[in-house]
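To start, the structure itself, in structure tokens.
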Amino acid sequence: MKVLVTGGAGYIGSHTLLQLLREQHEVLVFDNFSNSSPEALRRVKQLANADFEVCEGNIQDAGRLNEAFGHFKPDAVIHFAGLKAVGESAEKPLDYYAQNVSGSIELLQAMQRHDCRRLVFSSSATVYGEAKYLPYDEHHPLQPANPYGRTKYFVEEIIRDWAAAWQDASAVVLRYFNPVGADASGRIGEDPNGIPNNLVPYIAQVAVGRLQHLGVFGADYDTRDGTGERDYIHVEDLARAHLAAIAFSSTSKGCEAINVGTGRSATVIEMVKAFEQASGRAVPYKIEPRRSGDVARSLAAVDKAERLLGWTAKLDVADMCKTTWNWQSANPNGYRQE
Ligand code: NAD
Ligand code: UD1
């Protein structure tokens with residue numbers, strides 16, 4: 001199948017690309033490299049021993065999208081491109097609405113112009129907001145607590161209307177829980193700009209000696225050990241969910257939102273211990289005040305993914321830490337060669 005992948009050079013995109021190529025799909029990557037490096041694509045080509053086209057462009061640029069669609073004629077689109085930093089989204093909400101919401105509308109319009117009716121979209125468990133109950137199932141009320149989360153919620157609704165209005169259109173909205181880990185090769189992985197916002201990249205940089213210690217944001221939550229509890233999902237399992245979603249979209253119609261998690265959780269301290277075990281390095285930490293906007297616990301209900309996609313997560317926290325460490329220790333500066 002011909003799959004156009006927006007944001008394919010990014011963290012989740014590059015891991016998904018690798019699996020698409022290994023499954024013999026034909027791929028075109030559409031990315032402006034605003035948060036990624038062409039080096040990631042070079043390494044994916046090497047790992048898959050396969051080539052693909054790259055179109056450098058912004059999803060807000062209708063002309064560039066037209067060129068890519070007209071030339072490649074995709075059967076389906078996987079849409080990863082967008083901005084994703086929660087804190088930054090509160091400082092620059094209009095950038096987030098322009099890139100994530102307007103950019104997604106441009107993409108849907110290009111799909112319509114070029115008669116491409118199948119879409120898989122990267123959403124986030126952040127659309128649920130404060131838990132009314134756990135685990136979050138797909139019927140849980142949607143009340144995102146920040147502009148980033150609202151862009152995901154708005155785009156979900158836009159996609160739902162688009163799929164309802166267009167005969168035979170099929171959209172799968174994947175709500176990711178906490179993606180972590182890296183390809184087992186250690187050649188591709190998560191390469192955040194500057195100081196990481198997220199837990200596992202931060203721990204990895206402490207372990208490799210780039211940062212001195214981890215700040216644990218709150219030890220007084222109502223959880224097993226007082227620290228925040230999350231449903232971490234290995235990026236390789238997550239990538240596999242996209243291939244299952246693409247296959248599902250060839251027989252389904254309309255729009256389905258589906259959680260992608262493991263249904264199991266780990267606390268901050270449990271992740272620190274698991275990472276120490278996997279890396280053989282100490283990860284010193286200090287308890288700090290809670291981070292504003294954080295919830296105590298997050299956990300996915302995973303039965304819908306199993307029922308509709310035939311997909312379940314296979315890898316555990318030890319695999320997540322081990323592969324993150326492989327990547328971080330082999331590439332202490334990520335894709336940059338310093
Ligand atoms: P990433 O930043 O590594 O990848 C995003 C890619 O999109 C990058 O290559 C970037 O250069 C590109 N891009 C950004 N804006 C663009 C634009 N306007 N036009 C073209 N390309 C653009 O992020 P990721 O972690 O791989 O996340 C992928 C998607 O999954 C995002 O939509 C994100 O919101 C969503 N998501 C991520 C997480 C997570 O924890 N990583 C969790 C839930 C949802
Ligand atoms: C964050 C985003 C969420 C996004 C997700 C992507 C916020 C409020 N939420 O979720 O919208 O979809 O990333 O994976 O930013 N922690 C520390 N020290 C750190 C970093 C994190 O103790 O230096 C703790 C947090 O308090 C939390 C856990 O680790 O309990 C996980 O944090 P993080 O990786 O940032 O993910 P989320 O907050 O779940």
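What you see below is based on every heavy atom in this structure, not just the backbone, and it leaves out hydrogens, waters and symmetry mates. Order of appearance sets the numbers: ligands from 1, and atoms from 1 within every ligand.
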Give the residue, atom name and distance (to 0.1 Å) of the protein heavy atom nearest [atom].
atom                    : answer
atom 38 (O) of ligand 2 : R291 NH2, 2.8 Å
atom 24 (C) of ligand 2 : V268 CG2, 3.6 Å
atom 19 (C) of ligand 2 : F217 CE1, 3.2 Å
atom 5 (C) of ligand 2  : N198 ND2, 4.2 Å
atom 25 (C) of ligand 2 : D294 OD2, 3.4 Å
atom 39 (O) of ligand 2 : R230 NE, 2.5 Å
atom 10 (O) of ligand 2 : N178 ND2, 4.1 Å
atom 2 (C) of ligand 2  : V86 CG2, 3.6 Å

[X]: numbered ligand 2 atoms lying under 4.0 Å from its heavy atoms:
X    : result
N197 : 20 (C), 35 (O)
V216 : 22 (O)
S124 : 12 (O)
G228 : 30 (O)

Should the pair [X]-[Y] be classified as a salt bridge under the 4.0 Å nitrogen-to-oxygen rule?
X    : Y    : value
K304 : E256 : yes
D220 : R290 : yes
R175 : E138 : no
D319 : K322 : no
R336 : E39  : no

Any luck finding a side-chain donor-acceptor pair between [X] and [Y] under 3.5 Å?
X    : Y    : value
S122 : Y176 : yes
D231 : S298 : no
R297 : Y221 : no

Practice item. Compute the shortest N/O to N/O distance between T126 and ligand 2 and return yes if it is under 3.5 Å, no if not. Key: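 The answer is yes, given that T126 and ligand 2 share an N or O pair closer than 3.5 Å.
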Review point. Are any of the N or O atoms of L199 closer than 3.5 Å to those of ligand 2?
Key: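 Right, the criterion is met.
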Review point. Under 6.0 Å between the ring centres of F121 and H242?
Key: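 F121 vs H242: aromatic centres not under 6.0 Å.
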Check your understanding: With ring centroids as reference points, do W327 and Y11 lie under 6.0 angstrom apart?
Key ->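 Centroid distance W327-Y11: not below 6.0 Å, so no.
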Exercise for review: Going by heavy-atom distance to atom 18 (N) of ligand 2, choose the closest among P144, P196, A85, G215.
Suggested key: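 Nearest heavy atom to atom 18 (N) of ligand 2 lies in G215.
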Review point. Side chain, backbone, both or neither: which part of Y232 has a heavy atom under 4.0 Å from ligand 2?
Key: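 Side chain only; the backbone of Y232 stays clear of ligand 2.
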**Study point:** Location of contacts on V200 toward ligand 2, heavy atoms closer than 4.0 Å
**Key:**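 Neither; nothing of V200 gets under 4.0 Å from ligand 2.
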List, for ligand 1, each N/O atom that has a protein N/O partner under 3.5 Å away, with both atom names and the distance.
{"unit_1": "ligand 1", "atom_1": "2 (O)", "unit_2": "N35", "atom_2": "ND2", "d": "2.7"}
{"unit_1": "ligand 1", "atom_1": "3 (O)", "unit_2": "Y11", "atom_2": "N", "d": "2.9"}
{"unit_1": "ligand 1", "atom_1": "9 (O)", "unit_2": "G10", "atom_2": "N", "d": "3.2"}
{"unit_1": "ligand 1", "atom_1": "9 (O)", "unit_2": "D31", "atom_2": "OD1", "d": "3.2"}
{"unit_1": "ligand 1", "atom_1": "9 (O)", "unit_2": "D31", "atom_2": "OD2", "d": "2.6"}
{"unit_1": "ligand 1", "atom_1": "9 (O)", "unit_2": "S36", "atom_2": "OG", "d": "2.7"}
{"unit_1": "ligand 1", "atom_1": "11 (O)", "unit_2": "D31", "atom_2": "OD1", "d": "2.8"}
{"unit_1": "ligand 1", "atom_1": "11 (O)", "unit_2": "S34", "atom_2": "N", "d": "3.0"}
{"unit_1": "ligand 1", "atom_1": "11 (O)", "unit_2": "N35", "atom_2": "N", "d": "3.0"}
{"unit_1": "ligand 1", "atom_1": "11 (O)", "unit_2": "S36", "atom_2": "OG", "d": "3.2"}
{"unit_1": "ligand 1", "atom_1": "13 (N)", "unit_2": "N32", "atom_2": "OD1", "d": "3.4"}
{"unit_1": "ligand 1", "atom_1": "18 (N)", "unit_2": "N58", "atom_2": "OD1", "d": "3.0"}
{"unit_1": "ligand 1", "atom_1": "18 (N)", "unit_2": "Q99", "atom_2": "OE1", "d": "2.7"}
{"unit_1": "ligand 1", "atom_1": "19 (N)", "unit_2": "I59", "atom_2": "N", "d": "3.0"}
{"unit_1": "ligand 1", "atom_1": "21 (N)", "unit_2": "N32", "atom_2": "N", "d": "3.2"}
{"unit_1": "ligand 1", "atom_1": "21 (N)", "unit_2": "N32", "atom_2": "OD1", "d": "3.2"}
{"unit_1": "ligand 1", "atom_1": "23 (O)", "unit_2": "K84", "atom_2": "NZ", "d": "3.4"}
{"unit_1": "ligand 1", "atom_1": "25 (O)", "unit_2": "K84", "atom_2": "NZ", "d": "2.8"}
{"unit_1": "ligand 1", "atom_1": "26 (O)", "unit_2": "Y11", "atom_2": "N", "d": "3.2"}
{"unit_1": "ligand 1", "atom_1": "26 (O)", "unit_2": "I12", "atom_2": "N", "d": "2.8"}
{"unit_1": "ligand 1", "atom_1": "32 (O)", "unit_2": "F80", "atom_2": "O", "d": "2.8"}
{"unit_1": "ligand 1", "atom_1": "32 (O)", "unit_2": "K152", "atom_2": "NZ", "d": "2.8"}
{"unit_1": "ligand 1", "atom_1": "34 (O)", "unit_2": "Y148", "atom_2": "OH", "d": "2.7"}
{"unit_1": "ligand 1", "atom_1": "34 (O)", "unit_2": "K152", "atom_2": "NZ", "d": "3.1"}

Review point. Should V260 and Y136 be counted in the same cluster of Ile, Leu, Val, Met, Phe, Trp and Tyr side chains packed under 4.5 Å apart?
Key: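 No, no single cluster joins them.
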